[in-house]
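Everything below concerns the one structure shown next.
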Number of protein chains: 2
Amino acid sequence: MAKQTPRYHAIADDLRNQIDRGALAPGQKLPTEEELTTHYEVSRNTVRLALGRLTEEGLLVSAQGRGSFVRERFEPAVWNWSVLESRSRHEANHDAGDQWASQIAGNGQTPHQEVKVSIRRPPADVARQLNLDAAAALTVVRERVRYVDREPYALADSYFPEALVRDTPLMLPEDVSAPGGVLASAGLVQVRFSDEITVRMPTRDEIERLVLPASTPVAVHMRTGYDKDGQPLRVMITTLPGDRHVIRYDVSAD
Amino acid sequence: MAKQTPRYHAIADDLRNQIDRGALAPGQKLPTEEELTTHYEVSRNTVRLALGRLTEEGLLVSAQGRGSFVRERFEPAVWNWSVLESRSRHEANHDAGDQWASQIAGNGQTPHQEVKVSIRRPPADVARQLNLDAAAALTVVRERVRYVDREPYALADSYFPEALVRDTPLMLPEDVSAPGGVLASAGLVQVRFSDEITVRMPTRDEIERLVLPASTPVAVHMRTGYDKDGQPLRVMITTLPGDRHVIRYDVSAD
DNA sequence: CCAGAGAGTTTGTTGGTACAAGTCAGCCAA
DNA sequence: TTGGCTGACTTGTACCAACAAACTCTCTGG
């Protein structure tokens with residue numbers, strides 16, 4: 001009656017306990033697979049299954065030729081999403097312009113982003129949010145990769161209806177930094193947001209662009225902005241690696 | 001110069017393409033490992049590595065004795081977190097009481113939750129939010145497992161400072177359903193929330209309680225409620241499986 | 001007609017081996 | 001001293017074999 005749990009589950013549990021207890025500290029090197037085989041008296045195959053399980057749980061990282069290590073977690077950045085861009089103008093109007101960049105800079109870190117602008121048909125979910133015909137309508141897309149201190153931090157893709165932003169600074173490929181945000185530079189005023197946050201595993205593409213460790217989930221934050229008439233102005237889709245982000249909202253009865 | 005990519009990567013890529021193209025539809029059974037072995041002319045081990053990779057990405061599920069299947073994604077439930085409990089009283093004052101239960105019921109589904117109430121020392125992060133001394137202070141803890149149509153849906157644990165809710169209905173282990181929410185039943189009024197959302201892989205315990213498929217990340221939603229004097233009243237930690245939830249916020253300039 | 005045994009199928013677990021491919025320290029030669 | 005190289009070490013990939021466990025289906029016996 002004692003044999004239901006596979007050996008590699010038991011080994012994974014044992015190692016997980018050591019990690020939780022702190023007997024194996026973050027950053028510390030684990031015994032080699034060879035040593036674990038003799039310690040637990042199982043085959044290397046079984047050891048690798050146990051290690052794989054812990055890697056899936058995000059507790060380990062391994063490097064060919066060097067060993068396996070207890071994963072180090074870094075302090076996640078907290079970003080308050082309940083602040084309207086139009087409001088933040090007051091604090092951030094001096095130089096940086098971009099709300100994100102100025103908040104990072106104010107934190108003593110160096111922000112940096114690569115921007116790519118293109119015009120193309122929007123994906124189906126974006127088209128729906130913007131009340132556009134996915135098959136016919138065009139959107140101006142600003143794709144950004146955001147870095148903090150040279151480390152990739154998030155992907156932020158914005159979609160604007162092409163008709164709204166034609167011939168505005170928005171279409172310049174530069175890192176637009178107008179006071180009050182890119183939308184204000186196009187003469188558009190957002191008065192309301194609708195945010196939807198989903199959680200999923202990253203695609204292979206996202207893993208590479210964000211240099212994600214194994215089994216790091218991402219939050220996908222989709223913000224749709226509306227003007228005072230309720231017309232959608234833009235959709236911004238931000239992909240946030242789970243190991244380096246906290247999404248914050250403040251809600252109050254006014 | 002052609003041999004960098006391991007075989008099992010190539011096999012995984014091929015199968016992933018078939019899934020993306022729709023050649024392998026959701027719910028459809030894959031060829032057996034034996035068949036894949038002969039098709040790709042590799043060992044069963046290598047096939048299993050490829051399948052494991054896709055399982056990690058959340059594209060497959062496998063069942064012993066039956067086969068491997070393209071994972072079916074179910075329609076996630078959208079929950080609007082920007083609504084204050086005190087406000088929602090107007091819509092939900094008739095019978096159900098609990099804001100969550102009434103919203104589910106209004107959606108034509110049957111809500112159900114198991115409640116467990118206990119008194120104990122809070123975890124460190126909760127103590128910090130409540131301005132309590134983690135070593136000394138006590139909290140009343142309401143742990144709930146929420147079900148929709150018999151399917152586990154979320155974990156929701158609430159922590160109240162023991163001094164605030166002593167001798168109130170809150171401490172009853174029943175599924176408290178007072179109009180305006182449990183806090184109102186204790187004479188407490190929340191006027192402000194602070195929410196923090198993090199994303200991570202589930203623990204083994206959460207996997208079992210929520211019956212999570214492999215490689216399903218969770219969103220952890222921590223809501224701290226304050227009264228009009230800025231004193232923290234409670235912390236609610238909700239664990240939301242990524243495959244069945246969309247977190248929504250509406251933000252507007254008042 | 002139905003329950004249950006049993007055979008067959010399929011994935012899960014565990015053992016083994018061999019070589020490839022990174023990493024690193026130390027040695028040797030210029 | 002420095003540069004490069006070798007060799008030891010460690011994880012990654014790939015193969016093979018065998019049995020366990022869970023499921024499906026058929027067929028048989030009551």
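Because only heavy atoms are used, hydrogens play no part in the values below, and waters and symmetry mates are left out as well, while side chains stay in. Residue numbers start from 1 in every chain, and the chains themselves are labelled A, B, ... in the order their sequence lines are given, proteins ahead of strands.
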Arg7(B) vs dC15(D): side-chain N/O to OP1/OP2 distance below 4.0 Å: yes
Rounded distance (Å) that lies between atom P of dG15(C) and atom CG of Leu36(A): 13 Å
Geometric class of the Tyr249(A)/His221(A) ring pair [parallel <30°, tilted 30-60°, perpendicular >60°]: parallel
Residue whose nearest DNA chain D nucleotide is more 5′ - Asn45(A) or Ala63(A): Ala63(A)
Arg53(B) CZ - dA14(D) P separation (whole Å): 11 Å
Full working for salt bridge (charged side-chain N to carboxylate O under 4.0 Å, His left out) between Asp125(B) and Arg128(B): CA-CA 5 Å; Asp125(B) 52 342; Arg128(B) 182 165 35 76; 5.6 Å; no
Closest listed nucleotide, where the reference is the side chain of His9(B) and the choices are dT10(D), dC16(D), dT13(D): dT13(D)
Residue Glu33(A), side-chain heavy atoms: nucleotide from dA20(D), dT11(D), dG15(C) that is nearest: dT11(D)
Value in whole Å for how far the C1' atom of dT9(C) lies from CD of Glu34(B): 11 Å
5' precedence on DNA chain C between Arg44(A) and Leu49(A) (nearest-nucleotide basis): Leu49(A)
Rounded distance (Å) that lies between atom C1' of dA14(D) and atom CD1 of Ile11(B): 11 Å
Length of the NZ-P vector between Lys29(B) and dT24(D), whole Å: 11 Å
Nearest-Å distance for atom pair CG/P, residues Leu30(A) and dT11(D): 9 Å
Name of the residue among Val42(A), Leu51(A), Ile11(A) meeting side-chain contact (heavy atoms from CB on, under 4.5 Å) with Leu36(A): Leu51(A)
Whole-Å gap separating P (dT10(D)) and CG (Leu51(A)): 14 Å
For atom CG of Leu60(B) and atom P of dT10(C), their distance in whole Å: 17 Å
Residues Arg200(A), Glu206(A); criterion salt bridge (charged side-chain N to carboxylate O under 4.0 Å, His left out); working and verdict: CA-CA 12 Å; Arg200(A) 59 168 172 76; Glu206(A) 290 165 341; 2.9 Å; yes
Nearest-nucleotide pick for Arg66(A), side chain only, options being dG12(C), dC24(C), dT13(D): dC24(C)
Atom CD of Glu114(A): over 12 foreign heavy atoms under 6.0 Å: yes
Given dA22(D), dC15(D), dG22(C), the nucleotide with the shortest approach to the side chain of Gln64(A): dG22(C)
side-chain N/O Thr46(B) vs dC15(D) OP1/OP2, d < 4.0 Å: yes
